[in-house]
Asker: 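Dropping the structure in here first, questions after.
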Amino acid sequence: MSGLALSPAEAESLLAFWAEAGVDAMLLDTAVDRIAAGKIAPPVRPQTAAAPAPAAAPRVRQTPQAAPEAVAAAQAAAAAATDLTALGEAIAAFEGCPLRFEGAASRAIFSRGVADAPLMVIGEGPGADEDAQGKPFVGRSGQLLDRMLAAAGLETRVFITNTVFWRPPGNRTPTPVEQAICAPFVERAIALLKPKALLLVGGASAKSMLKTEEGILSLRGRWSEWRSSDGAIELPAMPTLHPAFLLRQPAAKKRAWADLSMLAERLDRPERP
Ligand code: URA
């Protein structure tokens, strides 16, 4: 772009015009190498198998070789957090996830809900509304999610978070590497909250949490088991359709409703002595 000098009022009006037209991310003309600048750990691509995988293997997600230093830093920061407030602070201070530097307001979006919730809801990643308001699931998708949780009698019994804590530019799906870097924080949140069950909202959440490449349409509607990376925690997990999908495909709402009904029934089931 040429060096056009704009007054603050003109710049404001131009930005408003772009925002209305859906241009909500700004990119420089030339790329900035933030890895060379030492801002972020170098991403390492997921390992690709040299030979074709055997028939049964491809559905299992290959653990991405996600910048091991970033994962180690996330693990250390997460382990040091002794409650959910401290965990939120640790995430806010964390600089190892590239998303933090890729167009989000650079504010971490961790959670909303109650700190002793029996249900943890895990979405994919924050969008524009979440970035603006600093909380997960507060835009149109979040409002639909809230209505569905309320209809199932769950709205006051949830702790809501995402697989990544910064908005992916242009609302793209978070990559497996970004999710793997943030995963120690998600795991720590589960360990601290001690929910009875997980609701995995959308394909990107279900695939990341269950370490599978199976699609959401085949995962939803049946119980999966989530296991912590050290194997110490096992929890029932219900994958379901993302509310953004339901807004586009309202006819699919009945399937999401069936998922939430199964979940509510399980949470309300008396515990065996
Ligand atoms: N979609 C998500 O997956 N998470 C949010 O927080 C908002 C929209």
Side-chain angles (χ1 to χ4, degrees), residues 22 24-25 61 84 87-88 91-92 94 97-100 102-115 117 119-150 154-155 157-183 185-187 189-190 193 195 197-210 212 215-217 219-220 224 226 237-250 252-253 255-256 259-260 263:
D24 59 1
R61 177 173 274 199
L84 289 164
L87 187 62
I91 293 169
F94 185 66
C97 180
L99 284 175
R100 182 179 175 141
E102 283 183 17
S106 107
R107 154 170 53 174
I109 293 132
F110 174 40
S111 69
R112 69 178 172 94
V114 284
L119 177 62
M120 184 183 262
V121 177
I122 304 176
E124 300 183 354
D129 292 312
E130 289 71 28
D131 200 30
Q133 296 183 43
K135 291 199 168 125
F137 279 110
V138 290
R140 281 187 71 216
S141 293
Q143 286 156 18
L144 176 56
L145 177 68
D146 284 351
R147 288 199 297 277
M148 289 164 52
L149 290 170
L154 295 170
E155 81 276 28
R157 303 156 71 193
V158 291
F159 181 93
I160 302 178
T161 189
N162 279 303
T163 61
V164 298
F165 308 109
W166 294 268
R167 179 193 178 198
N171 291 347
R172 65 163 169 75
T173 304
T175 66
V177 170
E178 291 156 355
Q179 290 177 314
I181 291 172
C182 293
F185 293 113
V186 180
E187 256 199 39
I190 295 171
L193 184 73
L198 305 177
L199 177 63
L200 308 179
V201 176
S205 167
K207 286 179 178 183
S208 170
M209 295 302 296
L210 301 175
T212 178
I216 189 66
L217 291 176
L219 287 169
R220 64 143 290 274
S224 289
W226 175 83
M238 175 59 71
T240 195
L241 301 170
H242 197 286
F245 173 78
L246 299 177
L247 287 168
R248 294 191 302 271
Q249 304 279 340
K253 282 184 188 168
R255 287 189 271 172
D259 304 343
L260 285 190
L263 188 54

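The structure presented is a predicted model; accordingly, all values stated were derived computationally and were not measured. Numbering of ligands and ligand atoms starts at 1, following listing order. For the numbers below, each heavy atom of this structure counts, side chains included, while hydrogens, waters and symmetry mates do not.
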Asker: Classify the ring geometry of F159 against F110: parallel below 30°, tilted from 30° to 60°, perpendicular beyond 60°.
Answerer: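 Taking F110 first and then F159, their aromatic rings stand perpendicular (interplane angle over 60°).
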Asker: Crowded around R172 CZ? As in, over 12 foreign heavy atoms under 6.0 Å?
Answerer: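 Enclosed: over 12 neighbouring heavy atoms sit under 6.0 Å from CZ of R172.
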Asker: What's the separation between atom CZ in R100 and atom CD in E178, rounded to the nearest 0.5 Å?
Answerer: 14.5 Å
Asker: Taking C-beta and beyond as the side chain, do L200 and W226 meet within less than 4.5 Å on heavy atoms?
Answerer: no
Asker: First locate atom CG of L263, then atom CZ of R157, and finally report the distance between them rounded to the nearest 0.5 Å.
Answerer: 9.0 Å
Asker: Is there side-chain contact between T240 and F245, with heavy atoms separated by less than 4.5 Å?
Answerer: no
Asker: Tabulation required: pairs of a nitrogen or oxygen in ligand 1 and a protein nitrogen or oxygen under 3.5 Å; columns are atom names and distance to 0.1 Å; otherwise 'none'.
Answerer:
unit_1	atom_1	unit_2	atom_2	d
ligand 1	1 (N)	H242	NE2	3.2
ligand 1	3 (O)	E124	N	2.8
ligand 1	3 (O)	G125	N	3.4
ligand 1	3 (O)	H242	NE2	2.9
ligand 1	4 (N)	G125	O	3.1
ligand 1	4 (N)	N162	OD1	2.8
ligand 1	6 (O)	F137	N	2.9
ligand 1	6 (O)	N162	ND2	2.9

